[in-house]
Amino acid sequence: MLRSSVSHKLNSNKFSQFVRFASTKYDVVVIGGGPGGYVAAIKAAQLGFNTACVEKRGALGGTCLNVGCIPSKSLLNNSHLYHQIKHDSAHRGIAINGEVSVDFPKLIEAKDKAVKTLTGGIELLFKKNKVTYIKGEGSFVDEKNLKVKPIDGGEEQDIEADHFIVATGSEPTPFPGIEIDEERIVTSTGILSLKEIPKRLSIIGGGIIGLEMASVYSRLGTEVTVIEFSPAIGAGMDAEVAKQSQKLLAKQGLNFKLGTKVTSGVRDGEVVKIEVENVKSGKKEELEADVLLVAIGRRPYTEGLNLEAAGLEVDNRGRLIIDDQYRTKHEHIRVIGDVTFGPMLAHKAEEEGIAAAEYIKHGHGHVNYGNIPSVMYTHPEVAWVGLNEEQLKEQGIKYKVGKFPFIANSRAKTNLDTDGFVKFIADAETQRVLGVHIIGPNAGEMIAEAGLALEYGASTEDIARTCHAHPTLSEAFKEAALGTFDKTINF
């Protein structure tokens with residue numbers, strides 16, 4: 001039941017009483033309705049707390065659902081389907097009579113429909129779990145009170161809470177000196193809603209966002225150039241996997257300029273002029289593109305929160321400072337997701353949202369930061385969890401590697417989809433799984449088995465001795481595990 005703080009004012013002459021509802025009080029208020037925030041709100045409500053979620057976007061789901069993970073996967077899936085029909089059908093025995101073309105507005109419409117359906121689904125979950133959804137921008141008045149400005153222009157609302165969970169997410173990191181207009185020079189938001197397919201697309205950044213969008217538009221016929229400062233793509237990937245991924249993407253038509261820094265990017269009418277420089281040689285080059293995507297990462301989003309009023313502190317990267325229970329210096333204010341430490345991943349934020357609610361209720365929660373999977377939804381997909389070879393070498397840990405190529409897997413061969421491999425890294429003495437890295441079909445789904453193995457401390461022999469159905473892609477997973485301590489059977 002809602003609790004209200006009431007202010008009374010007595011008129012001694014008329015003995016009349018005026019009542020003003022100064023603030024509404026909740027047990028838990030979550031600021032931000034993204035993957036971390038909405039999950040935290042639902043979990044808090046399930047644990048018996050009177051809970052509200054404040055979100056200023058006007059749609060729940062945060063960046064991930066509205067302008068990130070979900071819409072990008074719609075474009076990735078449908079562009080892959082188009083590319084497969086157009087270029088991969090004949091040798092599968094499928095004759096296409098007539099021209100195969102892209103209806104780009106319909107492609108965007110399908111993406112928008114998926115987003116709308118899912119955001120509406122979260123609202124239904126809020127109703128089901130009795131979470132109060134407040135559409136507005138929250139700003140701290142002090143460490144106990146929040147002022148909310150409604151997005152519909154209505155009267156400001158004062159909210160008091162016993163506990164706050166800040167889950168305001170992140171935003172694209174700007175590139176110094178390059179002005180974003182979301183038309184010709186775009187971020188990860190603008191690239192999802194272009195009006196037409198560009199003939200030339202240049203991308204600053206060879207990380208997951210950049211490479212996924214490179215794949216989408218390359219399949220649709222765009223000439224794509226990826227410009228990356230580092231000598232390799234896929235920050236965080238195992239080096240062997242990153243090298244193989246680049247090789248396969250280049251084979252699909254993507255152009256790479258690695259070890260290259262961008263010195264300027266300026267819109268000139270309907271084109272963008274880009275100046276780049278080789279990091280080692282200093283050689284300069286000028287490029288032109290119809291669209292330039294700036295995808296150099298993301299940064300914590302705290303705009304409008306008025307952190308100073310609550311006495312909340314940030315580090316030199318703008319991340320809110322917390323302890324191991326997500327608490328700021330005020331124990332009742334916790335922070336989760338992209339706005340604080342750790343990888344900026346939706347599923348990481350979701351786990352933290354549940355843990356934060358459990359800490360409030362029970363005093364304990366759990367997130368295993370050594371077991372957060374990453375997936376790049378290119379084709380082939382790339383997925384990994386745990387440690388890679390470079391990290392193990394830095395830590396001086398002795399390990400063994402087992403690999404199995406999809407070209408030797410019966411299901412992959414039947415599907416005519418054989419690029420890539422499964423790679424296991426295991427402790428040299430105990431065979432305990434330390435990391436799994438997959439490039440190939442269905443990698444994003446298969447990595448879940450690796451996560452389960454890591455969570456329960458499985459050895460590669462445990463996995464190799466577990467019966468996997470035939471014929472499935474997961475047999476490659478089993479054989480790669482076998483390869484760390486014995487000989488593989490089918491390769």
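Everything quoted here is computed from the prediction, not taken from an experiment. Side chains included, hydrogens not; waters and symmetry mates left out as well; all remaining heavy atoms used.
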Aromatic ring pairing H330/H332, orientation class (parallel under 30°, perpendicular over 60°, tilted between): tilted
In sequence, state the C-alpha distance, the side-chain angles, and the governing distance for D338 and R319, and then conclude on salt bridge (charged side-chain N to carboxylate O under 4.0 Å, His left out). CA-CA 8 Å; D338 290 3; R319 301 177 300 184; over 6 Å; no
Check: F140 ring centre within less than 6.0 Å of F164 ring centre: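 They qualify: ring centres under 6.0 Å apart.
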Centroid separation H80 to H379 less than 6.0 Å: yes
Identify the two heavy atoms, one from [X] and one from [Y], that lie closest to each other, and give their separation to 0.1 Å.
{"X": "I159", "Y": "Y26", "answer": "CG2-CD1, 3.8 Å"}
{"X": "L220", "Y": "S79", "answer": "CD2-CB, 4.1 Å"}
{"X": "T173", "Y": "V294", "answer": "O-CG1, 4.2 Å"}
{"X": "I447", "Y": "P373", "answer": "CG2-CB, 4.2 Å"}
{"X": "V375", "Y": "A383", "answer": "CG2-CB, 4.0 Å"}
{"X": "E155", "Y": "P150", "answer": "O-CG, 3.2 Å"}

Less than 4.0 Å between a side-chain N and a carboxylate O, is that true for [Y] and [X]?
{"X": "K273", "Y": "D268", "answer": "yes"}
{"X": "K423", "Y": "E389", "answer": "yes"}
{"X": "E183", "Y": "K195", "answer": "no"}
{"X": "R267", "Y": "E270", "answer": "yes"}
{"X": "D323", "Y": "K329", "answer": "no"}
{"X": "R200", "Y": "D290", "answer": "yes"}
{"X": "K135", "Y": "E55", "answer": "no"}

In terms of heavy-atom contacts, does [atom1] of [X] have more than 12 from other residues, nucleotides or ligands at under 6.0 Å?
{"X": "K149", "atom1": "NZ", "answer": "no"}
{"X": "F229", "atom1": "CZ", "answer": "no"}
{"X": "E179", "atom1": "CD", "answer": "no"}
{"X": "E445", "atom1": "CD", "answer": "no"}
{"X": "K144", "atom1": "NZ", "answer": "yes"}

Could you check whether any side-chain N or O of [X] sits under 3.5 Å from a backbone N or O of [Y], counting only pairs where one atom can act as donor and the other as acceptor?
{"X": "H437", "Y": "L387", "result": "yes"}
{"X": "S74", "Y": "I70", "result": "no"}
{"X": "E358", "Y": "G365", "result": "no"}
{"X": "D27", "Y": "N50", "result": "yes"}
{"X": "E182", "Y": "G190", "result": "yes"}
{"X": "T222", "Y": "Y217", "result": "yes"}
{"X": "T119", "Y": "V115", "result": "yes"}
{"X": "N66", "Y": "L60", "result": "yes"}
{"X": "D181", "Y": "R184", "result": "yes"}
{"X": "R299", "Y": "G318", "result": "no"}

Hey, what do you get for [atom1] ([X]) to [atom2] ([Y]), rounding to the nearest 0.5 Å?
{"X": "L76", "Y": "M376", "atom1": "CG", "atom2": "CE", "value": "10.0 Å"}
{"X": "S245", "Y": "D238", "atom1": "OG", "atom2": "CG", "value": "11.5 Å"}
{"X": "L194", "Y": "M213", "atom1": "CG", "atom2": "CE", "value": "10.0 Å"}
{"X": "L201", "Y": "S218", "atom1": "CG", "atom2": "OG", "value": "9.5 Å"}
{"X": "I296", "Y": "T187", "atom1": "CD1", "atom2": "OG1", "value": "11.0 Å"}
{"X": "K128", "Y": "I122", "atom1": "NZ", "atom2": "CD1", "value": "14.0 Å"}

Starting from the C-alpha separation in whole Å, work towards a yes-or-no answer on side-chain contact (heavy atoms from CB on, under 4.5 Å) for L292 and I203. CA-CA 6 Å; L292 172 64; I203 299 171; over 6 Å; no
What residue among L392, L454, N388 forms side-chain contact (heavy atoms from CB on, under 4.5 Å) with L434?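 Result: among L392, L454, N388, L392 is the only option passing the side-chain contact (heavy atoms from CB on, under 4.5 Å) with L434.
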Measure the shortest side-chain to side-chain distance between [X] and [Y] over non-hydrogen atoms and say whether it is less than 4.5 angstrom.
{"X": "I197", "Y": "V102", "result": "yes"}
{"X": "S170", "Y": "T63", "result": "no"}
{"X": "T51", "Y": "T132", "result": "no"}
{"X": "I333", "Y": "H163", "result": "no"}
{"X": "Q46", "Y": "N129", "result": "yes"}
{"X": "I463", "Y": "F477", "result": "yes"}
{"X": "V186", "Y": "V291", "result": "yes"}
{"X": "R327", "Y": "I322", "result": "no"}

Would you please test F341 and L320 for side-chain contact (heavy atoms from CB on, under 4.5 Å) and show each step? CA-CA 8 Å; F341 77 96; L320 280 159; over 6 Å; no
Please lay out, stage by stage, how Y369 and E352 fare under the test side chain to side chain donor-acceptor pair (under 3.5 Å). CA-CA 10 Å; Y369 289 97; E352 290 177 336; 2.6 Å; yes
Is there a donor in the side chain of [X] and an acceptor in the side chain of [Y], or the other way round, less than 3.5 Å apart?
{"X": "E449", "Y": "H468", "value": "yes"}
{"X": "K111", "Y": "S72", "value": "no"}
{"X": "N442", "Y": "E381", "value": "no"}

Output, in order, the C-alpha distance, side-chain angles, deciding distance and verdict of side-chain contact (heavy atoms from CB on, under 4.5 Å) for Q157 and K147. CA-CA 6 Å; Q157 182 178 356; K147 178 175 62 178; over 6 Å; no
Between S215 and L211, is a side-chain contact (heavy atoms from CB on, under 4.5 Å) present by the stated rule, with each step listed? CA-CA 6 Å; S215 293; L211 294 175; 5.5 Å; no
